[in-house]
Amino acid sequence: MALKRMDNVGIVVEDLGKAVDFFRELGLELEGRATIEGEWAGRVTGLGDQHVEIAMMRTPDGHSRLELSRFIRPAVVADHRTAPVNALGYLRVMFAVDDLNDTLERLQKHGARLEGEVVDYQDVYRLCYIRGPEGLLIGLAQEL
């Protein structure tokens with residue numbers, strides 16, 4: 001049996017509304033919101049009695065999704081949002097954009113800040129990392 005696809009990447013946030021607004025501004029579409037709770041959900045995650053509010057965001061090409069989650073129960077137990085780019089574990093999500101300058105300008109109005117600087121990579125890409133809502137690390141790439 002072969003791998004079929006990657007369905008989504010999950011990110012836990014404190015303020016689901018702000019995260020949804022930020023990723024909408026980036027160009028993702030809100031596919032839907034839901035509340036997940038019940039014994040079955042706790043069996044999947046190993047968290048037991050859980051109550052989570054989620055928003056599923058879809059990329060414009062329809063191939064990728066970002067699942068934003070806000071845990072109501074149990075409480076969040078760790079915070080990796082300010083980890084540097086060389087920290088172990090999941091690092092960031094990278095998005096391809098058509099105009100990096102315009103994207104940065106729009107996202108800065110939603111609190112995004114440049115992590116390092118915008119660089120050109122071998123005349124193929126313009127790249128940068130930003131800190132988005134709640135300090136989430138996000139990569140942006142414009143093909144040249």
Side-chain angles (χ1 to χ4, degrees), residues 3-38 40-42 44-144:
L3 178 72
K4 291 173 65 174
R5 68 180 172 273
M6 184 184 81
D7 278 338
N8 67 67
V9 173
I11 299 177
V12 177
V13 298
E14 287 181 309
D15 189 325
L16 194 58
K18 281 187 181 179
V20 166
D21 290 345
F22 179 88
F23 287 106
R24 270 186 167 159
E25 185 65 43
L26 180 57
L28 278 75
E29 301 171 35
L30 178 62
E31 192 171 75
R33 290 178 81 145
T35 299
I36 308 296
E37 63 181 321
W40 70 270
V44 171
T45 63
L47 294 176
D49 182 30
Q50 71 178 39
H51 183 186
V52 183
E53 182 183 13
I54 68 163
M56 192 63 77
M57 309 291 296
R58 182 181 58 243
T59 56
D61 65 3
H63 295 295
S64 302
R65 287 175 177 71
L66 191 64
E67 181 180 310
L68 303 171
S69 302
R70 182 179 74 87
F71 275 81
I72 298 164
R73 183 179 67 244
V76 173
V77 297
D79 189 342
H80 305 284
R81 293 174 291 186
T82 59
V85 298
N86 61 340
L88 294 174
Y90 291 103
L91 174 59
R92 51 115 180 103
V93 177
M94 176 72 76
F95 293 99
V97 299
D98 59 2
D99 185 332
L100 188 58
N101 290 337
D102 176 66
T103 302
L104 284 172
E105 186 177 312
R106 289 185 296 106
L107 295 178
Q108 285 171 339
K109 294 175 185 173
H110 288 267
R113 62 177 167 59
L114 203 54
E115 183 68 9
E117 58 186 84
V118 176
V119 297
D120 287 348
Y121 175 71
Q122 298 183 353
D123 296 323
V124 177
Y125 289 102
R126 291 188 73 222
L127 302 166
C128 70
Y129 284 170
I130 61 172
R131 291 285 176 174
E134 302 178 27
L136 297 172
L137 189 59
I138 298 165
L140 301 173
Q142 175 187 342
E143 194 169 358
L144 297 175

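Computation of the quantities below employed the complete heavy-atom set of this structure, encompassing side-chain atoms and omitting hydrogens, waters and symmetry-equivalent molecules.
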> Who passes side-chain hydrogen bond (donor to acceptor under 3.5 Å, both in side chains) against Asp7, sequence neighbours left out?
Replying inline: Arg5
> Is a side-chain N or O of Glu67 found less than 3.5 angstrom from the main chain of Ile54, in a donor-acceptor match?
Replying inline: no
> Any side-chain heavy-atom pair from Asp102 and Arg106 closer than 4.5 angstrom?
Replying inline: yes
> So how far is it from Gln108 CD to Ile130 CD1, rounded to the nearest 0.5 Å?
Replying inline: 8.0 Å
>> Within the structure provided, determine whether Leu114 and Cys128 are in side-chain contact (heavy-atom separation under 4.5 Å).
In response: yes
>> Nearest 0.5 Å, please: how far is CG in Leu137 from CZ in Arg81?
In response: 13.0 Å
> Which atoms form the tightest heavy-atom contact between Tyr129 and Gly139, and what is the distance?
Replying inline: CD2-CA, 3.7 Å
>> Checking the side chain of Glu14 only, and the main-chain atoms of Glu134 only, is there a donor and an acceptor separated by less than 3.5 Å?
In response: no
>> Distance check, rounded to the nearest 0.5 Å: Phe95 atom CZ versus Thr103 atom OG1?
In response: 11.5 Å
> Take atom CD in Glu31; do more than 12 heavy atoms of anything else shown fall under 6.0 Å from it?
Replying inline: yes
>> I'd like to know if the side chain of Ser64 and the backbone of Thr59 have a donor-acceptor N/O pair within less than 3.5 Å.
In response: no
> Is Arg92 close to Glu115 at the side-chain level, that is, under 4.5 Å between some pair of heavy atoms?
Replying inline: no
